[in-house]
Structures are given as structure tokens and as C-alpha cells.
Amino acid sequence: MTPPAPATTPANTPCPCGSGQWLPQCCGRFHAGPLHLQAPDAAALMRSRYSAFVLQDADYLLQTWHPRTRPAQIDFEPGLRWLGLQVRRHVPEPDGRAEVEFVARSKLGGRAHRLHETSRFVQEDGRWFYVDGDLHAG
């Protein structure tokens, strides 16, 4: 399967993940092009998945979700605006698993929201996949 061509995102678009880099040099390189689906670790995959949520890239999200837990489709909340991502912790394990704790901020209908989750990832055949996560209260 040939990876899709790079998205037609302007080169000077800031990456939604908050890295301070331009999207094509940051998460966008995993969304499309020669490095498609090749995030080097779970933290990079987490950042690229956050950016995919911001960009409403359902294909990328589904392709990076482990087949065992992947939903049939992804529906985006109309009017939801993602405001920022903070990766708090990345714990790689020697057996090809990892955990990433993050906080993602959003706004919907004038109300601010925080998604605080510890996500589980697994590496299979050289690729990282999101498996599932535990939400934190508050």
C-alpha cells in the first residue's frame, strides 16, 4: 500500500501539538508522506493523534488505533475547538508497550473542558498503535 501524498497544508502552519514546529516537519510527516504511520515512539504517536483530532483526520486516527480496540468510525463533535496539549509523562517498557499521560484542553459551546488520560500503546511490526486509556477525574 502506498502512503498518501502529503497534505496540502501550508508549510508555515504551526503544529497543533504545541511543539513550536511547523506541521509538515512535526506531526504532519506521520499523517502523510514517506514517514506515514511511522511515529518513532508512543509520545510522538500521541502528539500526532492529537493533531489528527484537531485536523479531523479520521483515517489517520483509525489507522493508528490498535485493531483489537479500534471503533468502526470516528465522529467529531461539531463546534469543538481543541486548545492545547500537554504531555505529562511518557513511560516506555522494554516489551514494546508504553504509557503516555496527557492533558488536552478544548472548548465547546463557550465551555472549557480538559481531557486528562493515561493512554496505553503497543508496538507491533515496527509501528506504534494506541490501544486504550484511563481517564483521570477532575
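Heads up: numbering here begins at 1 and tracks the sequence.
Residues forming a side-chain hydrogen bond (donor to acceptor under 3.5 Å, both in side chains) with Y130 (at least two apart in sequence, or on another chain): E117. By the side chain to side chain contact (heavy atoms under 4.5 Å, CB included) test, S106 pairs with L80, W82, H113, sequence neighbours left out. Residues passing the side-chain hydrogen bond (donor to acceptor under 3.5 Å, both in side chains) test with D125: none are found, sequence neighbours excluded. For F102, the ring pair (Phe, Tyr, Trp, His ring centres under 6.0 Å) test picks out no residue, with sequence neighbours left out. Remark: D132 pairs with R120 by the side chain to side chain contact (heavy atoms under 4.5 Å, CB included) rule, at least two apart or across chains. Every residue was checked against the side-chain hydrogen bond (donor to acceptor under 3.5 Å, both in side chains) condition with E77, not counting sequence neighbours, and none meets it. Residues meeting the side-chain hydrogen bond (donor to acceptor under 3.5 Å, both in side chains) test with T64, sequence neighbours left out: R49. Under the side chain to side chain contact (heavy atoms under 4.5 Å, CB included) criterion, E101 pairs with R88, R89, H116, T118, H136, not counting sequence neighbours. Looking at residues two or more places apart in sequence or on another chain, you find a side chain to side chain contact (heavy atoms under 4.5 Å, CB included) between V87 and R47, L85, V100. The salt bridge (Lys or Arg N to Asp or Glu O under 4.0 Å) test applied to R127 returns no partner, not counting sequence neighbours.
Distance check, rounded to the nearest 0.5 Å: CD of Q63 to NE2 of H36 gives 4.5 Å. A distance of 4.5 Å separates CG in D41 from NE2 in H90, rounded to the nearest 0.5 Å. Once rounded to the nearest 0.5 Å, the distance linking CZ of F53 with OH of Y60 reads 11.5 Å. The CD atom of Q86 sits 8.0 Å away from atom CZ of R114, with the distance rounded to the nearest 0.5 Å.
Looking only at side-chain heavy atoms (C-beta outward), F76 and L61 come within less than 4.5 Å of each other. Within the 4.5 Å cutoff, no side-chain heavy atoms of V103 are placed close to those of L115. The closest side-chain heavy-atom distance from E99 to S119 is not below 4.5 Å. Side-chain contact between S51 and D57 is absent, with no heavy-atom pair separated by less than 4.5 Å. Within the 4.5 Å cutoff, the side chain of L55 has heavy atoms near those of the H31 side chain.
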Where do R97 and Q123 land on the side-chain contact (heavy atoms from CB on, under 4.5 Å) test, with the steps shown first?
CA-CA 6 Å; R97 294 179 304 136; Q123 187 178 36; over 6 Å; no
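Grouped by direct or indirect side-chain proximity (heavy atoms under 4.5 Å, Ile/Leu/Val/Met/Phe/Trp/Tyr only), V131 sits with V122, F129.
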Sequence neighbours excluded and cut-off under 3.5 Å, please list the side-chain donor-acceptor pairs for residues 19-30, or say none.
unit_1 : atom_1 : unit_2 : atom_2 : d
S19    : OG     : Q21    : N      : 3.1
R29    : NE     : Q25    : O      : 3.1
R29    : NE     : C26    : O      : 3.0

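V91 and L135 fall into different hydrophobic clusters, defined by Ile, Leu, Val, Met, Phe, Trp and Tyr side-chain heavy atoms under 4.5 Å apart, directly or through other members.
The nearest pair of heavy atoms linking W128 to P40 is NE1-O, 3.4 Å.
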